[in-house]
Enquirer: 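Dropping a structure here in structure tokens format, bear with me for questions.
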Protein chains: 2
Amino acid sequence: MSPRKVDPNLGAQLIEAAARLLSEEGPAALSTRKLAATVGTSTMAVYTHFGGMDDLVRAVVREGFTLLNRRLESVEETDDPVADVVALGWAYRANAREHRHLYNVMFGGSSLSGFSLTDADRQHGRYTLDALVRAVKRCVAAERFLPSDPELVAHQLWIALHGLVTLDLGGYLVEPFTADTCFEAQVCAMVLGAGDDPARARESVARGALRPV
Amino acid sequence: MSPRKVDPNLGAQLIEAAARLLSEEGPAALSTRKLAATVGTSTMAVYTHFGGMDDLVRAVVREGFTLLNRRLESVEETDDPVADVVALGWAYRANAREHRHLYNVMFGGSSLSGFSLTDADRQHGRYTLDALVRAVKRCVAAERFLPSDPELVAHQLWIALHGLVTLDLGGYLVEPFTADTCFEAQVCAMVLGAGDDPARARESVARGALRPV
DNA sequence: CCTAATCAATGACGGCGTTATGTAACGGTG
DNA sequence: CACCGTTACATAACGCCGTCATTGATTAGG
């Protein structure tokens, strides 16, 4: 009654290979045949370990979200919470740049022939905001931000970050309005919009930018 | 020495059909064969009128940009320039919602099997910001915004709008932080970040939201 | 050792973008 | 008028894709 067990490595290998193909050759190169070739198996592996190409992509996306989450969680909390917010922004952006194709797939771009995320996937990605929400709460507690809904403020920051990242990856931010320039201005404006003092805001934005990514 | 003339209608029909397919059935349904079937021709028409599928998509994207531009240009200039900025934001968002698949293709998402925009395409899309830049200049002239680079401020607004739109289209903005809620908060924060007075900002945001889209 | 059960390899199917080849329409030329 | 070079489009093929039914291989329990 106990037949040959499924090789748990194969699923992980497929996800890894898919992420690598996605990163190095773009979404168009992601095919069951290429995957089977690089992993050294047949196309059927995709169907036994996942339901099909869509579900494999979904798994890769989940990997991408945990990657992003780990990156954000690695940002340290200092006694300048506004600088922490800025550092989180840099981390978010750095992660997107390092896994640009993956980021595109994660957030609905790169449709990958009809593939789209489910509500569960999106919900899974939502906890990404946790670190940001915590930082915003600390900004409010430190009376740097006016009292308001920290989740809403985090959403605003997220929206701004996401817009910047996608336009940057799309190649829309060129001299003299590069992504770096716009990032600084954007974060500054958002922090000011949240109620921080202009002078302290500038200082914190500069401090946050100096953090290691 | 004078060969058979190309039917100029066919190219337009192809673009129109492509836009319709894109809108109604998504990027996955956009194929030379479906196009040929709906227009009533063969797949070769795509290659004689455009260089291939990529160039047809490019043409559709250009159509999309002129559509967006027309939408933004139709926003009237009133004596409340901040409200005009807000109205431009609503118009931008309304256009994206009405042509969601097209918007995704325009801005790098929906890779459509390896397709990506050229620098020329992006440059063609850049004049989209003109209306926004003009409105920001008027805000500065009316001393609602602090003196600064209007283009940079317009970029910031654009980035925030784009982030909101793409996250909205991706289904990431759900209760209680819906796209409407975030939009208001986002625009408010950006306007405040640009230097406007809080009370007048709120008033203008409300006024701009009441404009017909 | 046999049997049941499960994974994976093979090959097929339809659909895709693209390309080679055929064909018919057109304007210039006699 | 006929003729011909040129070009637009049709047809069919090629290689690739995702998917799946079939079949062989492999393993654990009896």
Side-chain angles (χ1 to χ4, degrees), chain A residues 1-22 24-61 101 105 110-117, chain B residues 1-18 20-22 24-61 101 105 110-118:
Chain A
M1 277 301 223
S2 284
R4 170 187 182 183
K5 290 280 166 37
V6 53
D7 184 358
N9 280 348
L10 234 172
Q13 282 183 38
L14 282 174
I15 293 182
E16 191 181 354
R20 204 185 53 78
L21 270 177
L22 206 55
E24 297 180 1
E25 310 187 37
L30 195 57
S31 71
T32 58
R33 287 173 166 82
K34 274 207 179 73
L35 281 172
T38 62
V39 175
T41 177
S42 78
T43 62
M44 277 307 295
V46 174
Y47 294 90
T48 54
H49 286 264
F50 309 89
M53 199 61 185
D54 284 9
D55 292 292
L56 187 148
V57 174
R58 227 176 296 281
V60 174
V61 165
H101 298 294
V105 177
S110 291
S111 52
L112 282 179
S113 54
F115 158 80
S116 75
L117 279 71
Chain B
M1 280 302 224
S2 282
R4 172 185 183 183
K5 288 279 166 41
V6 54
D7 184 358
N9 280 350
L10 235 172
Q13 283 183 38
L14 282 174
I15 293 182
E16 191 182 354
R20 204 186 52 78
L21 270 177
L22 206 55
E24 297 180 2
E25 310 188 36
L30 194 57
S31 71
T32 57
R33 286 172 166 82
K34 274 207 180 73
L35 281 172
T38 62
V39 176
T41 176
S42 80
T43 62
M44 277 305 295
V46 174
Y47 294 89
T48 55
H49 287 264
F50 310 89
M53 199 61 185
D54 285 9
D55 291 291
L56 186 148
V57 173
R58 227 176 295 281
V60 174
V61 165
H101 298 295
V105 176
S110 291
S111 53
L112 282 179
S113 55
F115 159 80
S116 73
L117 279 71
T118 67

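In what follows, chains carry the letters A, B, and so on, assigned in the order in which the sequence lines appear, proteins first and then strands, with residues in each chain numbered from 1.
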Enquirer: On DNA chain D, compare the nucleotides closest to B:M44 and A:V46; which residue's is nearer the 5' end?
Expert: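 It is B:M44, whose closest nucleotide lies nearer the 5' terminus.
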
Enquirer: Just how far, in rounded Å, is C1' of D:dC17 from CD of A:E25?
Expert: 15 Å

Enquirer: Provide the closest heavy-atom pair for B:L56 versus B:A18 in the form atom of the first, atom of the second, distance.
Expert: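 Reported closest heavy-atom pair: CD2-CB, 3.5 Å.
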
Enquirer: Is there a residue in residues 30-40 of chain A whose heavy atoms reach under 4.0 Å of DNA chain D, and which residues are they?
Expert: A:L30, A:S31, A:T32, A:R33, A:K34

Enquirer: D:dT7 P sits how many Å from B:L10 CG, rounded?
Expert: 18 Å

Enquirer: Tell me whether the OP1 or OP2 atom of C:dA8 has a side-chain N or O from A:T48 closer than 4.0 Å.
Expert: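 Looking at the OP1 and OP2 atoms of C:dA8, one of them is under 4.0 Å from a side-chain N or O of A:T48.
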
Enquirer: Would you say that B:I15 contacts B:H49 through its side chain, given a criterion of any heavy-atom pair below 4.5 Å between the two side chains?
Expert: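 No. Closest side-chain heavy atoms not under 4.5 Å.
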
Enquirer: Identify, with sequence neighbours excluded, every residue that meets salt bridge (Lys or Arg N to Asp or Glu O under 4.0 Å) alongside A:R20.
Expert: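 For A:R20, the residues satisfying salt bridge (Lys or Arg N to Asp or Glu O under 4.0 Å) (neighbours in sequence not counted) are A:E24.
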
Enquirer: Rounding to a whole Å, what distance do you find between A:Y47:OH and D:dT22:P?
Expert: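 Taking OH of A:Y47 and P of D:dT22, I get 17 Å after rounding.
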
Enquirer: Does A:S42 make a side-chain N or O approach to OP1 or OP2 of C:dA8 shorter than 4.0 Å?
Expert: no

Enquirer: To the nearest Å, how far apart are B:N9 CG and D:dC9 C1'?
Expert: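 Answer to the nearest Å: 15 Å.
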
Enquirer: With respect to B:L30, which candidate in B:H101, B:E25, B:M53 satisfies the side-chain contact (heavy atoms from CB on, under 4.5 Å) definition?
Expert: B:M53

Enquirer: To the nearest Å, how far apart are A:L56 CG and D:dC17 C1'?
Expert: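 Value for this atom pair: 15 Å.
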
Enquirer: How long is the gap from CZ on B:F50 to CG on B:D55, to the nearest 0.5 Å?
Expert: 8.5 Å

Enquirer: Using the test side-chain hydrogen bond (donor to acceptor under 3.5 Å, both in side chains), find all partners of B:T118 that sit at least two apart in sequence or belong to another chain.
Expert: B:D121

Enquirer: Using a 4.0 Å heavy-atom cut-off, does B:T41 contact any base of the nucleic acid, only the sugar-phosphate backbone, or nothing at all?
Expert: sugar-phosphate

Enquirer: Quick check: are there more than 12 heavy atoms from other residues, nucleotides or ligands sitting under 6.0 Å from CD of B:Q13?
Expert: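 More than 12 heavy atoms, drawn from other residues, nucleotides or ligands, come within 6.0 Å of this atom.
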
Enquirer: Write down the distance between CG (B:D54) and P (C:dC16), rounded to a whole number of angstrom.
Expert: 16 Å

Enquirer: Quick one: B:Q13 CD to D:dA8 P, roughly how many Å, whole number?
Expert: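 Going from B:Q13 (CD) to D:dA8 (P), I get 17 Å.
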
Enquirer: Roughly, in whole Å, what's the span from CE in B:M53 to P in C:dT19?
Expert: 14 Å

Enquirer: What's the shortest heavy-atom distance between B:V105 and B:V57, and which atoms?
Expert: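 For B:V105 and B:V57, the tightest heavy-atom pair comes out as CG1-CG1, 3.7 Å.
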
Enquirer: Under 4.0 Å between a side-chain N or O of A:H49 and OP1 or OP2 of C:dC7?
Expert: no

Enquirer: Let me test you: for the helix from C:dC1-D:dG30 to C:dG30-D:dC1, what is the angle between the axes at its two ends (five pairs each), rounded to 10 degrees?
Expert: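 End axes: 20° apart.
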
Enquirer: In a table with atom names and distances, give each donor-acceptor pair under 3.5 Å that connects a side chain of residues 37-45 of chain B to protein atoms at least two apart or in another chain.
Expert:
residue: B:T38; atom: OG1; partner: B:K34; partner atom: O; Å: 3.3
residue: B:T38; atom: OG1; partner: B:L35; partner atom: O; Å: 3.0
residue: B:S42; atom: OG; partner: B:M44; partner atom: N; Å: 3.2

